[in-house]
*Asks:* 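Mind looking over this structure? Questions follow.
Values in this document were obtained by computation on a predicted structure and should not be read as measured data. Side chains included, hydrogens not; waters and symmetry mates left out as well; all remaining heavy atoms used. Residue numbers count from 1 along this sequence.
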Amino acid sequence: MNSPLISRFPHLRQDFAASLVVFLVALPLCVGVAVASGVPAELGLVTGIVGGLVTGLMRGSSLQVSGPAAGLTVLVFEAVQEFGLPMLGAIVLTTGVLQLLMGALKLGRYFRAISVSVVEGMLAGIGLVLIAGQLYPAMAAKAPDSGLGKVVGLPRAFLDALGDGPALTSLALCAGTVVVLALWKHAPAKVRSVPGPLAAVGLATLAALVLSLPVATVEVKGLLGAVQPPPLDAFAGFAGVGVLGTVVAFTLIASAESLFSAAAVDRLHTGPRTEYDKELIAQGAGNAVCGLLGALPMTAVIVRSAANVQAGARTKASRVLHGVWLLLFAALLPGVLAYIPIPALAGILIYSGAKLVPVRALVVLWRGHRGEALILAVTAVSIVAVSMFEGVLIGLALAIVKTAWEASHLRLEVVDKGAGPIEAYLSGNATFLRLPKMLDSLESLPQDRPVRLDLTGLHHLDHACRTALENWAERHSATGTEPVEVTAPEEPARATVA
């Protein structure tokens, strides 16, 4: 008989296991983003906890997980350097209020018009940057700031690691973690009841302790000392143009990244779709709380969101629980975290990043839709070379250009074998803009020959073109020629129209 708890929460087992996986993925991201942003590591954990306990409880995208945003790292670093750490809280608080207002005005739903190729390109680009970025801590080295710098600097980092014993040890521990993750699906069913990332980190931690390996471990101090609500005089800085520009940049980038991520997460599961306006409100509430606590800004993070889906999460309970684990371990058991090797956590992120790169999907897309494959590749490369937000904008611009090109592209191919019917193939988009040229080509066909018109290559056939084709078919057959045979897109073997 099921317990009352299981009856009330039927997916608790899957969500509990997924929450542990997300916790292990979120931990290095929270700490790493904070350090890269020039603030104490604890503030990254505070944002991760708020992302789980506040945003995680709210409606929007049930499987999306929020936390400190890698895409805002450079902006946060510059803001802290220019305005100071106390001002950061005021900026993040204002960002949250603006997001709440945008959600209330139902502006979030406009982010649904996103090309699938752009979304998949975003996933691929983030995966590549994540892999490149985590290879540095895997080799006990400092990662460059930019995505392109991370990729370009890898050969030199590998060469330096070859002559460094501790770096090789760290890299070996990372590689072992990745191997465990890759092979975990082949383990016996009873063993697989333990999440793969949890087992991989546990084995790596045990190996580091037993063998006394010289590898870096997580360093976290008390949370309460790091929390600094913004003082009232910090809001006086909003009189300056620089602060207002920073707030606008935070708001737009945080909102766009979160809603782009929501579109990507919807592609990864078959459950309830994202309610964009409510998700924007949830993000705004989370950022408002983060601002009150003086923490980092938050967005939805595709890496931990993808890990949440892939780990089998079914409801928002998994993301709430991951916030609980972050809070318990960081606040009550920071000493336990100190035993976890950073290269093991890097291995989890490298493995997660590799899953975001759709190599097989790109090959299939290239065979059937090369334009879409190009958009995917350009988006991914742009994210690596520039940044996530600008890379997505480049992908969207390319998708718009492609759509405009296809919308005005119509091709008529005529095959005349000298005997029998003339075969005419229309492909592309038949709109009124191409109507004159299309009719000129069809009317130039011999009037005394039967015609087979194949429309299956059309992506769109508007009313004007459909009517014009029917009228042309009637005129062509009026001279006593056999009726024009039309193969329509919806009906593969449709008979005559006239």
*Asks:* Can you list every pair that meets side-chain hydrogen bond (donor to acceptor under 3.5 Å, both in side chains) and has a residue in residues 285-307, with sequence neighbours left out?
*Replies:* Gln99-Asn287
*Asks:* Answer yes or no: is there a side-chain heavy-atom contact under 4.5 Å between Thr55 and Gln283?
*Replies:* yes
*Asks:* Name the atoms and distances for all side-chain donor-acceptor pairs under 3.5 Å in residues 16-37, with sequence neighbours left out.
*Replies:*
{"from": "Ser19", "atom 1": "OG", "to": "Phe16", "atom 2": "O", "distance (Å)": "2.6"}
{"from": "Ser19", "atom 1": "OG", "to": "Trp325", "atom 2": "NE1", "distance (Å)": "2.9"}
{"from": "Ser37", "atom 1": "OG", "to": "Val33", "atom 2": "O", "distance (Å)": "2.7"}

*Asks:* Distance-only, no hydrogens or angles: does the Lys316 side chain make a donor-acceptor pair with backbone N or O of Leu57 under 3.5 Å?
*Replies:* yes
*Asks:* Identify the two heavy atoms, one from Val118 and one from Leu396, that lie closest to each other, and give their separation to 0.1 Å.
*Replies:* CG2-N, 3.9 Å
*Asks:* Run the numbers on Leu43 and Leu88 for side-chain contact (heavy atoms from CB on, under 4.5 Å), then give the verdict.
*Replies:* CA-CA 11 Å; Leu43 292 183; Leu88 178 63; 5.5 Å; no
*Asks:* Name all pairs fulfilling the side-chain hydrogen bond (donor to acceptor under 3.5 Å, both in side chains) condition that reach into residues 74-94, sequence neighbours left out, sorted by first residue then second.
*Replies:* none
*Asks:* With sequence neighbours left out, write down each residue that passes side chain to side chain contact (heavy atoms under 4.5 Å, CB included) with Thr47, or none if nothing qualifies.
*Replies:* Pro68, Cys290, Ala295, Leu296, Met298
*Asks:* Identify the two heavy atoms, one from Pro137 and one from Ile342, that lie closest to each other, and give their separation to 0.1 Å.
*Replies:* CB-CG2, 3.9 Å
*Asks:* Compare all side-chain heavy atoms of Thr274 with those of Val265 and state whether any distance is below 4.5 angstrom.
*Replies:* no
*Asks:* Could you state the interatomic distance from CZ (Arg370) to CG (Leu365), rounded to the nearest 0.5 Å?
*Replies:* 11.0 Å
*Asks:* Can you check whether Val227 reaches Val46 side chain to side chain, under 4.5 Å on heavy atoms?
*Replies:* yes
*Asks:* Listed by chain and number, what are the salt bridge (charged side-chain N to carboxylate O under 4.0 Å, His left out) partners of Lys150, not counting sequence neighbours?
*Replies:* none
*Asks:* Less than 4.5 Å apart, side chain to side chain, heavy atoms only: is that true for Tyr276 and Leu107?
*Replies:* no
*Asks:* Without swapping roles, check the side chain of Ser62 against the backbone of Arg59 for a donor-acceptor pair under 3.5 Å.
*Replies:* no
*Asks:* Would you say Ser261 and Gln64 are linked by a side-chain donor-acceptor pair, where the criterion is simply a distance under 3.5 Å?
*Replies:* yes
*Asks:* Below 4.5 Å, heavy atoms only, C-beta onward: do Leu162 and Leu159 meet side chain to side chain?
*Replies:* yes
*Asks:* Taking only residues two or more places apart in sequence, or in another chain, which ones meet Arg267 in a salt bridge (charged side-chain N to carboxylate O under 4.0 Å, His left out)?
*Replies:* Glu120
*Asks:* Quick check for you: to the nearest 0.5 Å, what is the distance between Asp277 atom CG and Met102 atom CE?
*Replies:* 10.0 Å
*Asks:* Under 3.5 Å, which donor-acceptor pairs link side chains of residues 173-190 to any protein atom two or more places apart or in another chain?
*Replies:*
{"from": "Thr177", "atom 1": "OG1", "to": "Leu173", "atom 2": "O", "distance (Å)": "2.9"}
{"from": "Trp184", "atom 1": "NE1", "to": "Val194", "atom 2": "O", "distance (Å)": "2.9"}

*Asks:* Measuring from atom CE of Met122 to atom CD of Glu257, what distance do you get when rounded to the nearest 0.5 angstrom?
*Replies:* 8.5 Å
*Asks:* State the CD1-CD1 distance between Ile375 and Ile394, to the nearest 0.5 angstrom.
*Replies:* 13.0 Å
*Asks:* Where is the tightest heavy-atom contact between Ala157 and Met139, given as atom of each residue plus distance?
*Replies:* CB-CE, 3.6 Å
*Asks:* Report yes if the side chains of Leu53 and Val324 come closer than 4.5 Å at any heavy-atom pair, otherwise no.
*Replies:* yes
*Asks:* List for me each residue that meets salt bridge (charged side-chain N to carboxylate O under 4.0 Å, His left out) alongside Asp164, sequence neighbours excluded, and say none if there are none.
*Replies:* none
*Asks:* Find out whether Phe158 and Leu171 are in side-chain contact, i.e. whether some heavy atom of one side chain is under 4.5 Å from a heavy atom of the other.
*Replies:* yes
*Asks:* So for atom CG, which belongs to Leu332, do other residues, nucleotides or ligands contribute more than 12 heavy atoms lying within a distance under 6.0 Å?
*Replies:* yes
*Asks:* Apply salt bridge (charged side-chain N to carboxylate O under 4.0 Å, His left out) to Glu372 and list each qualifying residue two or more places apart in sequence or on a separate chain.
*Replies:* Lys402
*Asks:* Search all heavy atoms of Leu280 against all heavy atoms of Ser255 and return the closest pair with its distance.
*Replies:* CD1-OG, 3.6 Å
*Asks:* Going by atom type alone, with no hydrogens or angles, which donor-acceptor pairs under 3.5 Å involve a side-chain atom of residues 205-218 and a protein atom two or more places apart or on another chain?
*Replies:*
{"from": "Thr205", "atom 1": "OG1", "to": "Val201", "atom 2": "O", "distance (Å)": "2.8"}
{"from": "Thr217", "atom 1": "OG1", "to": "Ala338", "atom 2": "O", "distance (Å)": "2.8"}

*Asks:* How far does CG of Leu327 sit from CG of Leu321, to the nearest 0.5 angstrom?
*Replies:* 12.0 Å
*Asks:* How long is the span from the CG atom in Leu148 to the CD1 atom in Ile383, to the nearest 0.5 Å?
*Replies:* 13.5 Å
*Asks:* Only distances under 3.5 Å count here; give the side-chain donor-acceptor pairs of residues 344-357 to other protein atoms, sequence neighbours excluded, each with its distance to 0.1 Å.
*Replies:*
{"from": "Ser352", "atom 1": "OG", "to": "Ile348", "atom 2": "O", "distance (Å)": "3.0"}

*Asks:* Can you give the donor-acceptor pairs under 3.5 Å from side chains of residues 229-254 to other protein atoms, not counting sequence neighbours?
*Replies:*
{"from": "Thr246", "atom 1": "OG1", "to": "Gly242", "atom 2": "O", "distance (Å)": "2.9"}
{"from": "Thr251", "atom 1": "OG1", "to": "Val247", "atom 2": "O", "distance (Å)": "2.8"}

*Asks:* Would you say that more than 12 heavy atoms from the other residues, nucleotides or ligands in this model lie under 6.0 Å from the CZ of Arg273, or not?
*Replies:* yes
